Amino acid sequence: MVYAAVVEGNSVGKVTPDFWVQTAILAAIFAVAHVAIRFIAPYADPVILPAVALINGLGVGFLRRLDLGREKAGLRADLSVFGGDGFRQLGWTAAAVVGAVILMIIVRDHRSLSRYAYTLGLAGIVLVLIPAMLPSRFSSINGAKLWIKFPGFSIQPGEFAKICLLVFFAYYLVRKREVLSLASKRFLGIDFPRGRDLGPVVLVWLLSLMVLIFEKDLGTSLMYFGLFVVTLYIATERVSWLIIGLGFFLGGAFLAYFLGKTVGGPFLNFSERATTWLDPFADADNKGYQLVQSLLGLGTGGLTGAGPGAGQPTKVPEVRTDFIFSGLGEEIGLFGLTALLVVYLLLVERGLRAAINVRDSFGKLFAGGLAFTLGLQVFVIVGGISQLIPLTGQTTPFLSAGGSSLVANWLLIGLLLRISDASRRPAGGSPSINLGGVSTGGGGGAPVQIKELPTEVVR
């Protein structure tokens with residue numbers, strides 16, 4: 001509420017009587033969510049919901065600030081709080097929270113998702129490929145084919161695909177981790193897997209390259225491949241999989257850049273983005289305009305920022321979605337952005353803590369993947385706007401405008417809360433679920449039982 005008052009004081013010149021309305025609605029939404037979660041997941045980590053509510057609330061407040069910034073100075077005081085991107089995001093927040101609560105009611109035990117792993121995996125692949133298969137007029141925005149456009153609105157199916165794919169990855173790796181943990185050769189003190197075990201990694205790598213080439217988006221490609229490799233590392237505890245995964249991705253990205261420079265066609269978009277990333281000021285009025293304005297906004301903010309409502313974030317293109325972090329940085333500065341990143345870090349840490357403490361193998365991999373998803377998505381978008389990596393089409397979780405991203409990420413939080421509840425629940429004795437020879441154990445603390453490793457393990 002203080003943020004909303006300061007925004008209006010700086011951008012309008014006075015604090016209007018209804019400045020508190022959106023904040024009060026948000027508080028009511030999160031209060032209801034808190035009560036609901038206390039009933040349906042009483043042992044869930046109490047830090048997760050407040051952390052998400054803080055980020056989500058800041059996003060709604062900043063979008064309201066952008067609504068004021070786009071209005072003429074003399075008309076800002078009369079701008080209704082029940083309109084614009086801020087109120088629309090408020091509506092999406094209510095829908096997303098309701099969706100997360102309903103999901104937690106339906107999924108009473110996270111292990112039940114393993115029964116539908118192959119179905120969800122297939123659904124995830126379909127959701128990933130649909131935008132690539134559609135004509136550009138139905139799927140392309142700003143050069144990236146990530147959407148399905150309907151009259152008046154659009155959805156980004158890839159946001160929901162990552163959850164479906166994570167269920168499949170976790171289930172598959174629980175069953176296959178014994179084989180994938182086998183070592184073939186030792187190089188520089190690191191055990192590398194057998195060549196014939198690289199099949200799953202190559203398959204997911206090819207899928208991520210298809211996303212990179214046909215959907216023209218580096219961030220989504222990195223997201224899917226990174227999720228699989230990190231989940232694989234959590235399952236096997238072998239650093240070699242991280243090295244192999246990083247090598248595969250960098251090799252694929254370099255190949256796409258080289259083919260874009262020499263052949264063009266579907267590779268051209270990525271090579272242009274990489275060229276802009278290397279020197280955005282070389283074409284600052286055209287292809288590099290977005291990144292240049294983002295860097296200037298961050299630089300203008302300095303350490304402490306211009307103050308809420310006192311900057312000019314509307315000069316940054318797509319500031320309500322892809323570049324909301326740089327627009328916000330102009331007004332809250334490096335200190336404010338650092339505090340925001342710490343909240344994200346806290347959220348990821350709590351997700352990883354749930355993964356460590358939960359008693360079943362499927363839950364460990366699934367929660368670890370969910371937590372890493374949030375961290376990787378933040379890294380990809382912040383890295384893009386700060387010129388650390390090429391620009392991507394990812395949205396900042398809970399902060400950027402958009403219904404697909406907000407709903408999908410709240411569903412992700414709902415699943416994390418469900419797993420956290422299981423990890424913190426006192427010993428009870430819920431029935432175990434068999435995952436192809438690997439017993440997940442129950443809520444009563446039954447140990448994970450893994451079949452004896454094959455005798456052909458090479459050390």
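In this text the structure is predicted, and so the values were computed from the model without any measurement.
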> So, for L173 and A235, which heavy atoms are closest and what is the spacing to 0.1 Å?
Replying inline: CB-CB, 4.0 Å
> Can you name the closest pair of heavy atoms from D360 and R111 and give their distance?
Replying inline: OD2-CG, 3.5 Å
>> So, taking the atom named CG in L370 and the one named CD1 in I413, what distance separates them when rounded to the nearest 0.5 Å?
In response: 8.5 Å
> Is there a side-chain contact (heavy atoms from CB on, under 4.5 Å) between R38 and V35 once you walk through the steps?
Replying inline: CA-CA 5 Å; R38 289 306 96 195; V35 173; 5.7 Å; no
> For the residue pair Q377 and T395, what are the closest heavy atoms and their distance?
Replying inline: NE2-O, 3.0 Å
>> Between T300 and E330, is there a side-chain donor-acceptor contact under 3.5 Å, judged purely by atom types and distance?
In response: no
> Looking only at heavy atoms, which two atoms of Q387 and L295 are closest? And how far apart?
Replying inline: OE1-CD1, 3.6 Å
>> How long is the straight-line distance from OG of S80 back to CZ of F87, given to the nearest 0.5 Å?
In response: 8.0 Å
> Can you check side-chain contact (heavy atoms from CB on, under 4.5 Å) on V7 and F62, steps first, answer last?
Replying inline: CA-CA 9 Å; V7 163; F62 185 69; over 6 Å; no
> Just by distance, do the side chain of K162 and the backbone of Y224 share a donor-acceptor pair under 3.5 Å?
Replying inline: no
>> Using a strict threshold of under 4.0 Å (side-chain N to carboxylate O), is an ion pair present between R424 and D421?
In response: no
> CZ/R320 to CG/L66 distance, rounded to the nearest 0.5 angstrom?
Replying inline: 9.0 Å
> Name the one of F372, Y233, F228 that satisfies ring pair (Phe, Tyr, Trp, His ring centres under 6.0 Å) with F169?
Replying inline: F228
> Does T338 reach the main-chain N or O of L334 with its side chain, forming a donor-acceptor pair under 3.5 Å?
Replying inline: yes
>> Heavy-atom count check: over 12 atoms from other residues, nucleotides or ligands less than 6.0 Å from Q312 CD?
In response: no
>> Under the criterion side-chain contact (heavy atoms from CB on, under 4.5 Å), I'd like the reasoning laid out for F325 against L340: C-alpha separation, chi angles, the key distance, then a yes or no.
In response: CA-CA 10 Å; F325 211 81; L340 183 57; 3.6 Å; yes
> Do L328 and L58 have side chains that get closer than 4.5 Å, going by heavy atoms?
Replying inline: yes
> Is there a donor-acceptor pair under 3.5 Å between the side chain of R418 and the backbone N or O of V107?
Replying inline: yes
> Are any side-chain N or O atoms of S420 and backbone N or O atoms of L417, one a donor and one an acceptor, separated by less than 3.5 Å?
Replying inline: no
> Taking the side chain as C-beta and beyond, is there a heavy-atom pair between E318 and S400 under 4.5 Å?
Replying inline: no
> Is the ring centre of Y118 less than 6.0 Å from the ring centre of Y171?
Replying inline: yes
> With side chains defined as the heavy atoms from C-beta onward, is the minimum distance between L246 and F249 less than 4.5 Å?
Replying inline: no
> Among R64, R70, R65, which residue meets the side chain to side chain donor-acceptor pair (under 3.5 Å) test with D67?
Replying inline: R70
> Does any non-hydrogen side-chain atom of L416 lie less than 4.5 Å from one of L347?
Replying inline: no
> What's the shortest heavy-atom distance between A36 and V101, and which atoms?
Replying inline: CB-CG1, 4.1 Å
>> Could you tell me if the side chain of F323 sits less than 4.5 Å from the side chain of P317, heavy atoms only?
In response: no
> Does the pair L166 and L415 meet the rule for a side-chain contact (heavy atoms from CB on, under 4.5 Å), with working shown?
Replying inline: CA-CA 11 Å; L166 266 175; L415 293 171; over 6 Å; no
>> So does S404 get a backbone contact from the side chain of Q156, meaning a donor-acceptor N/O pair under 3.5 Å?
In response: no
>> So, taking the atom named OG1 in T93 and the one named CZ in F30, what distance separates them when rounded to the nearest 0.5 Å?
In response: 6.0 Å
> Do you know which two heavy atoms are closest between I48 and R350, and how far apart they sit?
Replying inline: CG1-CB, 4.0 Å
> Are any of the side-chain heavy atoms of L103 and W410 separated by less than 4.5 Å?
Replying inline: no
> Can you find a pair of side-chain heavy atoms, one from I125 and one from L165, that are under 4.5 Å apart?
Replying inline: yes
> Could you give the distance from CZ (F398) to CG (N409), rounded to the nearest 0.5 Å?
Replying inline: 4.5 Å
> Ignoring hydrogens and geometry, is there a side-chain-to-backbone donor-acceptor pair from W277 to L391 under 3.5 Å?
Replying inline: no
>> Please report the interatomic distance CG(L406) to CD(E159), rounded to the nearest 0.5 Å.
In response: 10.0 Å
> Side chain of E331, backbone of G305: donor and acceptor closer than 3.5 Å?
Replying inline: no
> Side chains of L337 and L298: does their closest heavy-atom pair fall under 4.5 Å?
Replying inline: yes
> Which class fits the ring pair H110 and F362: parallel under 30°, tilted 30 to 60°, perpendicular over 60°?
Replying inline: parallel
